[in-house]
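For reference, the structure is listed below as structure tokens.
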Amino acid sequence: MTHIQMTLPDGSIKELPAGSTPLEVAESIGPRLAHDAVAAVVDGVTIDLNVPLERDATISILTPRDERGHEVLLHSTAHLMAHAVKTLFPQAKLAIGPALEERFYYDIELEEPVTPELLEKIEAEMKRLSDADYRVERRVLSQPEAAQLFKGRGEDYKVEIISEISAGDTISAYSQGDFIDLCRGPHVTSTGRIKYFKLLSTSSAYWRGDERNNVLQRIYGTAWGSRKELNTYLHRQEEAKKRDHRKLGRDLDLFSFHAIAPAHPFFHPKGTIIYNELVEFMRSLYFKYGYDEVITPQIFGVELWKKSGHWEHYREHMYIIADDEDPERWKGVKPMNCPGHTLIYSAKHRSYRELPLRLADFGRLHRFEKSGVLSGLTRVRSFSQDDAHIFCTPEQIGAEIQSLFAMVQEVYAVFGFEDVEVKLSTRPEKSMGDPESWDKAEVILSDTLTQSGINFQVEAGEGAFYGPKIDYFIRDALNRRWQLTTIQLDFSLPERFGLTYIDDHSQEQRPVMIHRALLGSLERFIGVYLEHTAGDFPLWLAPVQAIVLPVSEKRLEYAGQVKKALRSRRIRAEVDQRDEKIGAKIRQSELGKIPVMLIVGEKEEQSNTVSVRRRHQGDLGAVALTELIESLSEEIDNRTRSNTQ
RNA sequence: GCCUACAUAGCUCAGACGGUAGAGCACUUCCUUGGUAAGGAAGAGGUCACCGGUUCAAAUCCGGUUGUAGGCUCCA
């Protein structure tokens, strides 16, 4: 009998008879692993546990704790759900059912509306199918076989998918009991392996995401390797709801919306403080990094938008002011600052000595977003960005990008963003400018990223039509990904607006533009940061930084003096003047997420001190008022992060 | 924009069968003058999102509109 050698991830080698399966490899390692295993990676390819191994290879056993293993479990659970739906509604037609991060969905054509009650019923059926512990079996089919099989089962969507698979590719199907689904796999070996799952929500989706196609019902669910992990996930989702920025914004009195102006936020006094502090922070960096701030118009004649290309490419997102008398005099409200900045650039002749010219603008932008995409502060129609455009020579691009990375790092350090993803998007099919300068620019961007030690993914063909770009993404409380920072090279706009500078040989040259925003939209940033911190802002951003809590009304006057002393040093202090006991005032301040509480009673008044209570730290004892002011000022000036982040 | 669901007091939510609205918190006033997460009492507050229809009678049934939520597509 021949033997094969399987190399494990730790470098050790297991020798087994040829034809052994990955499951047997797992068993030879340990019963726990064999029990948890969902699939295996053999020589880099993910395969089922019951595939016979015929030759030497490297192998690693996947469990739901690995990302790839979890994906297999999720995918198998999607099949289990489809199986349950088909059992309950044999006429249902299956579309696609992939795994997401931590979740899966299946799109199904189903007459029945999927109510919460039906969701429970499907879940119960899934439990039953899991308990029945059907073997999951893989079959390889030829294209005609596959087409015939699924046509016979009325699975029109599957038939369509099969017709598009190229002839040479392997077509496989997985069956469990009387259920069969077209699938590449791999899958768990039996339905009994899927135990800890929950259906989460329903929505609708179009076949292939195209609104001209049939509407399908989409059912979302999740699955995990243990009860504990499932519960942890569900608990995390519950917690995430509590830090939804829309709820926090209302509870903390930061902003609101009104039906009369959908998706145009109203910033209340407290929200406005946060907004302005962010702007001041960016201004301090602009000073350091050599930016000049400008103020530009809100409304421009459409000529400008025709010239910039927005009329052609972006008109459906623009607010247009029509003039019935004269169509030539239509106006467009700006959705972006860039065209306005080119007008400042070309207001005079520019020398190479002036470059790079960095123009920053907090101007308000309006974009008509489709009603269905709006969401709280993260997707609005009126917003402003920490926007700037850098006009520079082609040779200066590298240095500018480098300086931007340093700036981004400085910004993210202040806010404590660690889970950041960076993407480099390259030339799309439809692009402006010559391919050579694109290639050059892409090389500059990727080299600079590498030199700066930044991990990034390349998104081929995802660049803007006018140039390649680098985007930074962070995640909100619900693990949704949001783009904050964007750095975009632009060869097109300088061309369209005929921008020039005179080089050191008295020759006219074309500058390059870099569009960049670090926080992105301030509105979105506030939304994301609220969720990131659960509303626990660092002292420098907190709308009320300190609240004075008099123990009784007899101390109101002293409380007023303390407030005045703090405010004279620009510390945002208030007094809780309500006729309440100290416990109630503390509770109120804690719920309002005020970072510093200053309790003043008879003792404090006599010694000119305050008793400090910091959120998340509790009672810190009495401190001299002057001393407190110094330490708070320092914390604010340094923009220290709060200790809970 | 499309699909599905939802819309009752500032907030969170009750209001089978159609008979014309209720709680807790918040708010106001009074009592209480208190030491590190809720002291007590009283009061005020709603054209039940909007428009129309059915009905003797609509928060409740039907249609439309608007907004919101979760998706699809798009994006800062």
Side-chain angles (χ1 to χ4, degrees), chain A residues 105 107 113-116 200-220 241 244 246-247 250-251 253 256-263 314 316-317 335-337 365 367-387 462 464 469 471-473 478 480-486 488 515-525 527-528 549-556 578-592 597-604 611-615 617-622:
Chain A
Y105 68 80
D107 283 348
V114 186
T115 58
L200 299 170
S201 60
T202 59
S203 71
S204 64
Y206 299 99
W207 170 236
R208 308 222 136 131
D210 190 327
E211 63 192 37
R212 288 166 301 195
N213 291 337
N214 282 349
V215 172
L216 306 170
Q217 307 236 36
R218 175 171 292 185
I219 304 174
Y220 285 89
K241 274 188 208 156
D244 186 316
R246 293 165 295 198
K247 178 173 161 51
R250 193 168 49 233
D251 292 350
D253 196 17
S256 61
F257 291 89
H258 197 286
I260 202 69
Y314 208 74
E316 57 175 328
H317 290 290
M336 297 178 195
N337 288 311
L365 306 177
R367 296 183 188 175
F368 184 79
E369 300 292 349
K370 292 192 279 185
S371 57
V373 308
L374 306 172
S375 175
L377 280 184
T378 41
R379 200 69 194 276
V380 293
R381 286 176 172 156
S382 167
F383 60 99
S384 70
Q385 296 174 299
D386 60 324
D387 194 17
E462 291 296 309
K469 59 175 184 170
D471 294 319
Y472 286 62
F473 296 84
L478 295 163
R480 287 181 293 211
R481 202 164 65 181
W482 292 104
Q483 180 186 318
L484 298 180
T485 300
T486 184
Q488 310 182 348
H515 308 246
R516 41 109 293 168
L518 304 193
L519 304 180
S521 117
L522 294 170
E523 281 71 7
R524 172 179 294 177
F525 184 86
V528 171
L549 308 179
V551 167
S552 84
E553 283 182 351
K554 290 181 196 146
R555 307 301 148 203
L556 266 178
R578 293 175 311 151
D579 178 13
E580 281 293 349
K581 289 167 99 167
I582 193 68
K585 292 180 186 178
I586 287 170
R587 179 181 154 79
Q588 190 60 39
S589 305
E590 288 280 354
L591 292 175
M597 283 158 262
L598 304 172
I599 289 104
V600 296
E602 193 180 1
K603 283 182 299 196
E604 289 81 4
S611 282
V612 179
R613 180 191 165 100
R614 291 290 299 246
R615 227 172 112 64
Q617 292 177 43
D619 190 356
L620 301 177

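All values below come from the heavy atoms of this structure, side chains included, with hydrogens, waters and symmetry mates left out. Numbered from 1 within each chain, the chains take letters A, B, ... in sequence-line order.
Under the 4.0 Å criterion applied to side-chain N and carboxylate O atoms, E590(A) and R613(A) are assigned as salt-bridge partners.
Straight-line distance from the NZ atom of K241(A) to the C1' atom of U12(B): 15 Å, rounded to whole Å. When rounded to the nearest whole Å, the span between CD1 of I586(A) and P of G34(B) equals 15 Å. Residue I219(A) contributes atom CD1, which lies 15 Å from atom P of C72(B) at whole-angstrom precision. Going from atom CG of D244(A) over to atom P of G70(B) covers 7 Å, rounded to whole Å. Put simply, NZ on K370(A) is 9 Å from P on G1(B), counting in whole angstrom units. Atom CG of D253(A) and atom P of A26(B) are 16 Å apart (whole Å).
Within the 4.0 angstrom heavy-atom criterion, no nucleotide atom of any strand lies near S201(A). Within 4.0 Å (heavy atoms only), L549(A) reaches no atom of the nucleic acid at all. Across all strands, F257(A) comes closer than 4.0 Å to no nucleic acid atom at all (heavy-atom distances). Nucleic acid contact for G583(A): sugar-phosphate only, since backbone atoms but no base atoms lie under 4.0 Å from a heavy atom of the residue. Contact annotation for E604(A): base contact, defined as any heavy-atom pair under 4.0 Å involving a base atom. Here R379(A) lies in heavy-atom contact (under 4.0 Å) with a base. Within 4.0 Å (heavy atoms only), S611(A) reaches at least one base atom of the nucleic acid. Within 4.0 Å (heavy atoms only), I582(A) reaches sugar-phosphate atoms of the nucleic acid but no base atom. Among the protein residues, Q588(A) comes within range of no part of the nucleic acid, since none of its heavy atoms lies under 4.0 Å from any strand. Nucleic acid contact for K585(A): none, since no nucleic acid atom lies under 4.0 Å from a heavy atom of the residue. Residue contacts shown for A517(A) are absent, as no nucleic acid heavy atom lies under 4.0 Å away. Using a 4.0 Å heavy-atom cutoff across all strands shown, G621(A) reaches no nucleic acid atom at all. Within 4.0 Å (heavy atoms only), R524(A) reaches at least one base atom of the nucleic acid. Among the heavy atoms of the strands lying under 4.0 Å from Q483(A) are primed sugar atoms or P, OP1, OP2 only; no base atom is included.
Scanning atom types as modelled, no donor and acceptor separated by under 3.5 angstrom connect the side chain of E602(A) and the base of G34(B). Checked by distance alone, E590(A) brings no side-chain donor or acceptor within 3.5 Å of a matching partner on the base of A38(B). Scanning atom types as modelled, no donor and acceptor separated by under 3.5 angstrom connect the side chain of K581(A) and the base of U32(B). Not a single donor-acceptor pair, N or O on each side, falls under 3.5 Å between the base of C11(B) and the side chain of D251(A).
A side-chain donor-acceptor contact under 3.5 Å links R516(A) to the backbone of D386(A). Without hydrogens or angle criteria, R524(A) side chain to Q483(A) main chain gives a donor-acceptor distance under 3.5 Å.
Base pairing of A14(B): no nucleotide in any strand meets the Watson-Crick or G-U wobble criterion (both distances under 3.5 Å). In this structure, U60(B) forms no base pair with any nucleotide, since neither Watson-Crick nor G-U wobble geometry is met with both distances under 3.5 Å. When Watson-Crick and G-U wobble pairs are counted only if both distances are under 3.5 Å, G45(B) pairs with no nucleotide at all. Checking A21(B) for Watson-Crick or G-U wobble geometry (two distances, each under 3.5 Å) identifies no partner in any strand. Checking C74(B) for Watson-Crick or G-U wobble geometry (two distances, each under 3.5 Å) identifies no partner in any strand. Across every strand in view, C30(B) sits in a pair with G40(B) that passes the Watson-Crick or G-U test at under 3.5 angstrom. Nucleotide A69(B) forms a Watson-Crick or G-U wobble pair with U4(B), both donor-acceptor distances falling under 3.5 Å. With a cut-off of 3.5 Å on both Watson-Crick or G-U wobble distances, the partner of G35(B) is given as none.
Side chain to side chain, S521(A) and Q385(A) fail the donor-acceptor criterion of an N or O pair below 3.5 Å.
If you run side-chain contact (heavy atoms from CB on, under 4.5 Å) between E523(A) and each of V528(A), T378(A), L377(A), only L377(A) comes through.
A close approach under 4.0 Å does occur between a side-chain nitrogen or oxygen of R246(A) and OP1 or OP2 of G70(B). One finds no side-chain N or O of R218(A) lying less than 4.0 angstrom from the OP1 or OP2 phosphate oxygen of C3(B). Contact annotation: R250(A) reaches the phosphate of U12(B) (side-chain N/O to OP1 or OP2, under 4.0 Å).
Residue L216(A) is the one, among L216(A) and G601(A), whose nearest nucleotide of RNA chain B lies closer to the 5' end (criterion: closest heavy atom). With the nearest nucleotide of RNA chain B identified for both H317(A) and K247(A), K247(A) has the one nearer the 5' end.
Between H515(A) and M336(A), the closest side-chain pair of non-hydrogen atoms is not below 4.5 Å.
Within the cation-pi definition used here (under 6.0 Å to the ring centroid, within 45° of the axis), R381(A) qualifies as a partner of F368(A).
The side chain of A259(A) lies closest to G67(B) when the candidates are A76(B), A37(B), G67(B).
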